[in-house]
Asks: 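Dropping the structure in here first, questions after.
Computed from heavy atoms alone, side chains included, the values below leave out hydrogens, waters and symmetry copies. Just so we're clear, the structure is a prediction, and the values are computed from it rather than from any experiment.
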Amino acid sequence: MPGLPYTSTDHIREQRPHGAWRPVGAGAGAQWPQSRPHKLRATKHSQADLDAARNNNSAAFATHLCGIMVIGMGMLIFGSFILMPRLEDRAQVVWGAKLPHSAQVPGVRVDEGAVEGAVQRDVSVERIAREARDEPRPPSPQQPREPRHETGKRWREDGRCGPRFPALGAPDFGECDPMADANEKGPCCNPKSGWCGNIRGKSWGHCPTACKVCVDFGPKGEGLSRRAVGTADDPQREGNRRAAPKASNIHEWASSNLNATPPDGARLHQSIGTEGMDERMADEDPENARRRRFVKSMMVSAWRGYESHAWGENELNPKAKTGHSASVFGKTKMGATIVDALDTMMIMNMTDEVARAREWIENDLHFTGSTYVSVFEVTIRFVGGLLSAFAISGDPLYRDKAYAIARKLLPAFATPTGIPMAQVNLDTGQIKNWGWASGKASVLSEFGTMQMEFEYLSLVTGDNRFKDMINFVINKVIQSRPPDGLYPNFLNPKTGRWGSKHVSLGALGDSFYEYLLKMWVYHGGRNNIGIEVDMLGRRAFDDAMVTVQSKLMRTSKSGHLHLVDMRASRIIPKMGHLACFTGGMYALASKGAPSAVAAEYMANARGITDTCRAAYNVSKAGVGPEVMHFTDKIELSALKRNERYYILRPETVESYFYMWRLTKEQKYRDWAWDAVQAIETNCRCGDDGYCGLKDVNADELKQDDVQQSFFLAETLKYLYLIFCDDDVISLDLWVLNTEAHPLPIQNFRKGRSDTV
């Protein structure tokens with residue numbers, strides 16, 4: 001046996017578990033030492049046996065030594081030809097482009113700032129090597145070089161914007177801003193594709209507006225400087241090259257120079273109609289006035305609990321008397337309840353509370369932190385809430401805060417298709433989609449529900465990037481509508497292809513359809529029936545409803561009209577509480593539609609609202625479950641345990657509001673009051689505040705411990721408006737976003753065709 005530690009063959013040992021050793025031939029009763037013995041008992045053997053053992057040991061030693069040398073040489077060769085080039089690429093590649101050649105020459109100091117930037121971005125070796133192989137090699141040391149300028153990571157050596165070594169096919173000028181330049185062929189476009197380059201200069205993508213000027217990154221805080229090509233300021237002209245300051249991140253770019261003038265007749269802010277309401281309603285039913293005051297008292301209580309125990313937090317835990325934050329807000333305190341409740345308090349004339357909220361927004365609302373937030377939720381709650389406060393008060397603080405927040409959402413749109421990702425990191429601008437989304441795709445109800453906020457933001461700031469971006473997105477979605485006429489709930493932002501064929505007017509799809517209609521209302525269509533409807537609004541809505549009516553609208557055995565979900569042509573006979581908003585949507589759509597369609601829309605509005613009311617009526621809590629099933633054995637109730645909860649949702653009372661305003665039938669006010677009493681009786685919790693219910697049909701109702709911000713923004717607002725007169729947030733002057741934040745209708749489009 002080669003490699004024996006001793007020369008006597010009698011000392012051969014067997015290895016046993018746990019490192020115990022025993023001499024060969026020892027009896028069964030022999031003791032097993034716990035470690036190797038220092039010496040073994042000597043036995044008698046012939047000299048030939050001893051010499052043979054020695055020779056075997058020497059041969060084995062030589063064999064092992066040769067094997068080690070061969071393995072070592074192999075590792076050296078592998079490292080030289082495989083690992084070293086990859087490590088070289090690791091040092092050379094930063095943000096998809098290679099470092100200056102000084103980083104490759106022996107004895108020359110590497111650009112440490114660029115390498116540090118790559119490390120901070122946690123770029124993998126595999127990705128860096130892959131990107132490096134796609135990039136052109138830098139010039140050799142022997143080639144003449146232009147004088148070096150002080151440049152930042154995104155500036156070229158000649159002092160102009162763009163990567164130091166442009167992507168293959170990039171023309172010889174600065175890269176384009178995908179938020180401000182566009183698909184017309186011009187000096188900023190890839191001559192092969194006619195498209196502008198993206199921020200990293202690595203690939204090419206569509207652009208939203210005219211691509212006739214190069215975009216230069218100005219110093220941080222000074223915004224973008226746009227210089228027309230061919231003018232005296234043209235960076236391509238001889239003598240105009242200059243050293244450029246370090247560029248700021250995309251979400252920090254200002255755009256003060258993008259100051260489009262609002263059109264004549266545009267409404268930036270206006271009265272909400274609360275002035276003189278008491279005089280107008282002097283002869284109203286005293287019971288109606290009492291109900292209105294009671295709803296306001298609920299708002300005061302909900303706000304007082306939040307202000308006392310969770311000030312500055314996103315939401316309130318009324319029982320624990322602490323702050324609460326849902327995942328959509330990330331891990332930072334952003335005062336979601338303050339912003340969400342602000343316009344509700346303005347409508348209710350809660351002046352002292354509004355003053356304290358404004359002070360917090362001015363001093364403490366900064367929207368920072370290395371955390372991912374939902375682009376959709378931030379848009380409808382924060383941007384929408386602040387813009388609504390500006391539209392009501394005219395206070396520029398709210399507009400400026402909304403603008404600052406919205407700019408931090410811009411990186412979400414930097415995808416190959418322009419379809420935004422679902423989440424963005426507030427500090428780094430990194431983007432990603434929800435892990436639970438089908439195929440990591442974007443969600444229809446999220447990227448399809450920002451038009452109103454972004455268009456109004458462009459109107460009041462003059463920065464048309466927001467309007468252009470979201471119109472590009474919606475146009476792309478509508479043009480990509482599948483042949484069956486149904487919009488799936490998921491769309492891949494990288495490929496532009498629809499994901500799983502799940503269709504719903506409830507969760508994941510709901511507000512996309514709502515905004516198709518409301519953008520038409522926002523553009524003045526409801527007040528100017530004779531104008532031609534726009535393809536990104538009313539026309540797209542009506543087309544979608546034809547398919548919805550034929551494929552998703554159902555009537556149960558008991559006569560309850562409802563909307564079902566569909567998965568790959570398979571009907572799922574359930575309707576979520578979120579879909580109860582469609583009663584109000586159909587009512588709003590009935591005006592301006594052809595007579596036959598208008599009657600159908602109003603019939604749908606009545607039927608769905610009645611169904612949601614019935615679900616409230618049959619539950620033991622007096623409010624509806626998260627999901628209602630419609631089968632041969634069950635109707636209006638949930639089947640699964642995780643479908644029985646109620647989290648202070650507004651959709652049913654939202655439909656009551658629209659039905660009251662448009663029909664003036666007293667039953668909708670009465671149903672709203674029933675909801676008020678159920679919430680007050682079963683959902684009030686703690687000293688001040690309201691909680692959801694875990695099971696609306698339980699014999700013993702149990703509450704959760706969260707006061708949702710949308711309870712103050714939506715549920716209480718709709719309930720209060722139902723008991724006001726029609727001049728308060730008039731539907732002829734205001735359109736409410738999906739979070740119930742009112743924005744002014746823009747009637748300046750009267751007489752215009754808005755087709756695309």
Side-chain angles (χ1 to χ4, degrees), residues 251 306 309-320 322-341 365-385 405-406 408-409 411-412 420-450 453 489-490 493 499 502 504 506-511 576-578 626-627 642-643 645-651 689-694 703-715 738-739:
H251 59 285
Y306 170 79
H309 307 302
W311 186 246
E313 300 276 356
N314 290 317
E315 292 171 324
L316 167 68
N317 293 133
K319 294 179 180 178
T322 59
H324 170 266
S325 186
S327 60
V328 296
F329 303 122
K331 300 177 181 179
T332 186
K333 301 176 183 179
M334 300 184 294
T337 295
I338 297 175
V339 178
D340 233 0
L365 181 59
H366 302 301
F367 244 73
T368 57
S370 184
T371 184
Y372 284 90
V373 298
S374 166
V375 175
F376 164 70
E377 295 290 352
V378 168
T379 298
I380 65 171
R381 300 194 198 204
F382 288 88
V383 178
I405 293 170
K408 290 200 170 186
L409 304 180
M421 291 282 195
Q423 297 173 276
V424 63
N425 188 295
L426 295 176
D427 278 357
T428 67
Q430 292 176 305
I431 58 177
K432 64 179 182 179
N433 267 335
W434 300 111
W436 49 260
S438 173
K440 299 294 180 68
S442 298
V443 179
L444 179 66
S445 65
E446 295 190 345
F447 64 76
T449 311
M450 292 182 275
E453 294 84 357
N489 289 340
F490 299 102
H502 178 204
S504 173
L508 307 179
D510 49 3
S511 50
H577 192 292
L578 287 167
E626 182 70 5
V627 177
N642 62 356
E643 298 173 338
Y645 61 87
Y646 170 73
I647 54 173
L648 306 172
R649 286 205 185 277
E651 290 78 21
Y690 294 84
C691 299
L693 298 173
K694 296 180 179 180
Q703 298 173 333
D704 61 24
D705 190 18
V706 180
Q707 179 175 277
Q708 306 281 349
S709 76
F710 57 68
F711 177 66
L712 291 79
E714 299 184 75
T715 309
T738 196
E739 191 77 4

Asks: For the side chain of Tyr306 and the backbone of Pro318, is there at least one donor-acceptor N/O pair under 3.5 Å apart?
Replies: no
Asks: Taking side chain to side chain contact (heavy atoms under 4.5 Å, CB included) as the test, write out the residues that go with Ala507, two or more places apart.
Replies: Leu578
Asks: Is there a side-chain contact between Glu313 and Lys333 (heavy atoms, below 4.5 Å)?
Replies: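 Glu313 reaches Lys333 side chain to side chain.
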Asks: Please list every donor-acceptor pair under 3.5 Å in which a side-chain atom of residues 368-375 meets a protein atom from a residue at least two apart or in another chain.
Replies:
unit_1, atom_1, unit_2, atom_2, d
Thr371, OG1, Lys331, N, 2.8
Ser374, OG, Phe376, N, 3.4
Ser374, OG, Glu377, N, 3.1

Asks: Where does the angle between the aromatic ring planes of Phe367 and Phe382 fall among parallel (under 30°), tilted (30 to 60°) and perpendicular (over 60°)?
Replies: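 Correct class here is perpendicular.
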Asks: Would you say the side chain of Gln707 lies within less than 4.5 Å of the side chain of Glu315, judging by non-hydrogen atoms?
Replies: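 Glu315 vs Gln707: side chains apart.
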Asks: Please enumerate all residues that pass side chain to side chain contact (heavy atoms under 4.5 Å, CB included) together with Gln703, with sequence neighbours excluded.
Replies: Lys319, Cys685, Cys691, Leu693
Asks: What residues, two or more places apart in sequence or in another chain, satisfy side-chain hydrogen bond (donor to acceptor under 3.5 Å, both in side chains) together with Ser325?
Replies: Asn314
Asks: Would you compute the distance between atom CE of Met421 and atom CD of Gln430 and round it to the nearest 0.5 angstrom?
Replies: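 If we round to the nearest 0.5 Å, Met421:CE and Gln430:CD are 12.0 Å apart.
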Asks: First locate atom NZ of Lys408, then atom CG of Asp427, and finally report the distance between them rounded to the nearest 0.5 Å.
Replies: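 Reported to 0.5 Å precision, the distance equals 6.0 Å.
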Asks: Do Thr337 and Leu316 have side chains that approach each other closer than 4.5 Å (heavy atoms only, starting at C-beta)?
Replies: no
Asks: Would you indicate whether the side-chain heavy atoms of Tyr645 and Asp704 approach each other to under 4.5 Å?
Replies: no
Asks: Which residues pass the side chain to side chain contact (heavy atoms under 4.5 Å, CB included) test with Ser504, sequence neighbours left out?
Replies: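 Once residues adjacent in sequence are excluded, the partners of Ser504 under the side chain to side chain contact (heavy atoms under 4.5 Å, CB included) criterion are Asn489, His502, Asp565.
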Asks: Do the non-hydrogen side-chain atoms of Asn425 and Ile431 ever get within less than 4.5 Å of each other?
Replies: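 Contact flag for Asn425/Ile431 side chains = no.
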Asks: Measure the spacing between CZ of Phe710 and CD of Glu651 and express it to the nearest 0.5 Å.
Replies: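 It is 7.5 Å, given to the nearest 0.5 Å.
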Asks: Can you find a pair of side-chain heavy atoms, one from Thr379 and one from Thr449, that are under 4.5 Å apart?
Replies: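 They are not in contact (no side-chain heavy atoms under 4.5 Å apart), so the answer is no.
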Asks: Looking at Ser442 and Pro420, would you say the former's side chain and the latter's main chain have a donor-acceptor pair under 3.5 Å?
Replies: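 Yes; at least one donor-acceptor contact below 3.5 Å.
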Asks: As an exercise, state the distance from CG of Asn642 to CD of Glu626, rounded to the nearest 0.5 Å.
Replies: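 Those atoms lie 9.5 Å apart.
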Asks: I'd like to check the side chain to side chain contact (heavy atoms under 4.5 Å, CB included) partners of Ala441; sequence neighbours left out, ordered by chain and number.
Replies: Phe490
